[in-house]
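What follows is a set of notes on a single structure, which appears directly below.
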Amino acid sequence: MAFQGKKLINNPNDVVTEFIEGLVETYHGLQYLDGFPEVKVVLRADVSGATYDKVAVISGGGSGHEPAQAGYVGEGLLTASICGDVFASPTVDSILAGIRAVTGPMGCLLIVTVLLYPEPGYRFVGIDCCIANYTGDRLNFGLAAEQARSEGYKIETVIVGDDCALPKSQGIAGRRGLAGTILVNKVAGAVAAAGLSLADVASEAKRASEVVGTMGVALSVCTLPGQVTSDRLGPGKMELGLGIVSYFILISTEPSEHGEPGAAVADLQPVDVVVTHVLKQILESNYVPITRGNSVVLMINGLGATPVMELMIAAGKTVPKLQLEFGLLVERVYTGSFMTSLDMKGFSISIMKVDQTLLQHLDASTKAPHWPVGSAGNRPPAKIPVPLPSSRSMKSDELLSRPLQLTEQGHILEVAIEAAANAIINMRDILNDWDSTVGDGDCGSTMYKGATAVLDDMKKYYPLNNAAETVNEIGSSVRRAMGGTSGVLYTIFCKAAYAQLKANSDSIVTAKQWAEALEAAIAAVSKYGGASTGYRTLLDALIPALAVLKERLTSGEDSCTSFVLSSEAAVAGAGSTKDMQAQAGRSSYVSAAILATVPDPGAMAAAAWYRAAALAVKDKFHPSFNSSINKSES
């Protein structure tokens, strides 16, 4: 039986913006950007990116986990928090707005904890606080980071994965970021407040993220605003080992090939038994490098509807177990609701190995209201939202547009782009057919939208005589038109290539510089998407192409021939995906027998546009292509 959840709210669609308004009214040291409802960013009221002389530390994610992360904005902790809708990743535009608002010359560290979305064969059965390291948050923060870098900002990212609940995953579905993220945030904030460099802040945050583990137990599911409450967990039941600070518990509705366990539903046990189970999972499963004699800090985190009394009982039972049974020195204990899941009942335990340096960072002063600190000082009589900052790349006196007359390089770009886009358009149906076997059946339609947008925009906007800006505009077209993971990955691809090309001052791009741009683009897709060679993705077409292109150019082969030969490698690489076991995306849930019947549609699409561009350039411009390229290399 399900019943309507009781909430003290107005319109369910407005809960996040109204939460932010209440937060900044309560704590005068906080402010928000004037971008509602699309942009939901909480920031320090005393910081402006134009004048800020320290490293900015930004985190964020879906709302519903309050006080995380907006409650940790303040001097000595986060500089800004990016808020998504309830249990939804924040948009790229929101993340970019936050970066632009608070980042000065010292740069910005993005601390990413990422959201897990259910794949085919799974259903929602509970929402606690789960975060898997390769989907919405990772890609959106990654794209925002690449865009910010292309605008001149110094950006580093740290991805937190402190989950100790589930077996170590295959492929790129990494450990989830849970309540231990709050400790990592605190370490990063303290280092930044001390005035250290971006590299030092990122290094210390990464070190902290590698020595913290989290797991817990839930006594109920939570209720989304405006939705019904499930009674899936009946009286006398609890769920152990579910990575409790996680958004979605997933239970397979199809047989699992790999036999991974889901959340364990058990009879309700005394807290002594629960604590013992959780501690053994964290400390005896080789997730974190904690051994007898180490110093640790402990966080007991409520999930939203757990009384303080029960949290304190759990803390009181956990400390002596850590000391007597595991031989650990407990240096600090943090007990409270730090990262919740709306009104879920339950708690998580986080344990971090510490040395004196990490302890100093954790003890350092902060004005973040939920570390916790009070709302001290006089509250200003009125709050005027901070205007949204403009992009550094926007030029008021120079609008990019298609040139009236194309240079030789401009003609080459036009022919290559047109051929690549048309190849994708012509493959829409076959890509959809392949994707219906191994994915959700829309790869062709998604790529078609991007290709048609590129063709339309090229006629009006692309500055084809400027290779770097043209690649950047392709990324903008793709970002606007293409949805899903493919759209984000291709936008990251273009933005990374643009940043590499922009670093070159020559008006004509050499073949070597194109290869370097391709290499940078592939590296960015691998970094933020998590895939590499053999993962059955578009990279299985592009990585072989890059290898052949670099090899041929180094051996002295002419530019056009090198391009064509590398495209043959792309086609061969894409075809070989039929023999690969997927380790990324929805295909990773499909059996090997089914995967062997079709190639990866994303790899085939990448090979198709790359091959089409190479052949078009060869047919129309060879040898003039070599002449124009080689001339600039001489």
Side-chain angles (χ1 to χ4, degrees), residues 27 29-31 33 41-61 67-83 95-113 141 144-145 148-149 151-160 162 177 180-212 297 332 334 338-339 352 354-373 386 389:
Y27 302 111
L30 304 184
Q31 186 56 281
L33 292 180
V41 176
V42 176
L43 66 160
R44 285 174 52 182
D46 61 336
V47 169
S48 171
T51 58
Y52 194 47
D53 60 356
K54 295 180 180 178
V55 173
V57 180
I58 296 178
S59 190
Q69 299 287 345
Y72 302 110
V73 175
E75 182 180 352
L77 224 157
L78 298 181
T79 321
S81 170
I82 318 299
C83 305
I95 300 166
L96 271 172
I99 293 172
R100 293 166 182 159
V102 300
T103 303
M106 291 287 285
C108 172
L109 174 65
L110 298 177
I111 300 177
V112 184
T113 56
F141 273 88
R149 288 192 185 101
E151 295 178 17
Y153 293 96
K154 299 176 184 177
I155 305 292
E156 292 291 343
T157 60
V158 170
I159 298 175
V160 182
D162 55 311
T181 304
I182 308 306
L183 299 173
V184 177
N185 289 349
K186 181 61 176 66
V187 169
V191 179
L196 275 70
S197 69
L198 176 59
D200 289 334
V201 177
S203 175
E204 203 68 349
K206 187 174 188 300
R207 183 168 80 96
S209 73
E210 293 171 345
V211 292
V212 61
V297 297
R332 306 285 188 276
Y334 307 102
F338 300 100
M339 180 182 276
M352 175 183 277
V354 293
D355 54 20
Q356 286 303 309
T357 300
L358 286 178
L359 276 178
Q360 289 173 7
H361 297 331
L362 293 171
D363 290 343
S365 175
T366 177
K367 294 183 180 179
H370 283 275
W371 177 239
V373 295
V386 178

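The shown structure was predicted, so the numbers you read here are calculated from the model rather than taken from an experiment.
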In this structure, which one of Ile58, Leu78, Val42 forms a side-chain contact (heavy atoms from CB on, under 4.5 Å) with Gln69? Leu78
Between [X] and [Y], is any pair of side-chain heavy atoms under 4.5 Å apart?
X: Val201; Y: Glu156; answer: no
X: Leu362; Y: Leu183; answer: yes
X: Arg207; Y: Val211; answer: no
X: Val297; Y: Leu359; answer: yes
X: Val102; Y: Arg44; answer: no
X: Val57; Y: Val191; answer: no

Distance from [X] atom [atom1] to [Y] atom [atom2], nearest 0.5 Å?
X: Thr113; Y: Met339; atom1: OG1; atom2: CE; value: 5.0 Å
X: Ile95; Y: Ser59; atom1: CD1; atom2: OG; value: 10.0 Å
X: Leu110; Y: Ile159; atom1: CG; atom2: CD1; value: 10.0 Å
X: Ile182; Y: Tyr334; atom1: CD1; atom2: OH; value: 12.5 Å
X: Asp355; Y: Gln360; atom1: CG; atom2: CD; value: 9.0 Å
X: Met352; Y: Glu210; atom1: CE; atom2: CD; value: 11.0 Å

Do you know the tightest heavy-atom contact between [X] and [Y]?
X: Asp162; Y: Gly180; result: OD2-N, 2.8 Å
X: Leu198; Y: Gly107; result: CD2-CA, 4.3 Å
X: Ala202; Y: Val158; result: O-CG2, 3.7 Å
X: Ala205; Y: Leu109; result: CB-CD2, 3.9 Å
X: Asp53; Y: Met106; result: O-CG, 3.3 Å
X: Val55; Y: Ser197; result: CG2-C, 3.8 Å

Show your working on side-chain contact (heavy atoms from CB on, under 4.5 Å) between Tyr52 and Thr79 and close with a plain yes or no. CA-CA 10 Å; Tyr52 194 47; Thr79 321; 4.1 Å; yes
When you measure from the side chain of [X] to the backbone N and O of [Y], does any donor-acceptor pair fall under 3.5 Å?
X: Ser81; Y: Val73; value: no
X: Arg149; Y: Ile155; value: yes
X: Lys186; Y: Tyr72; value: no
X: Ser203; Y: Asp200; value: no
X: Lys54; Y: Ala193; value: yes

Can you tell whether the side chains of Lys367 and Asp46 come within less than 4.0 Å, N to carboxylate O? no
Look at the aromatic rings of Trp371 and Phe338 and report parallel, tilted or perpendicular, splitting at 30° and 60°. tilted
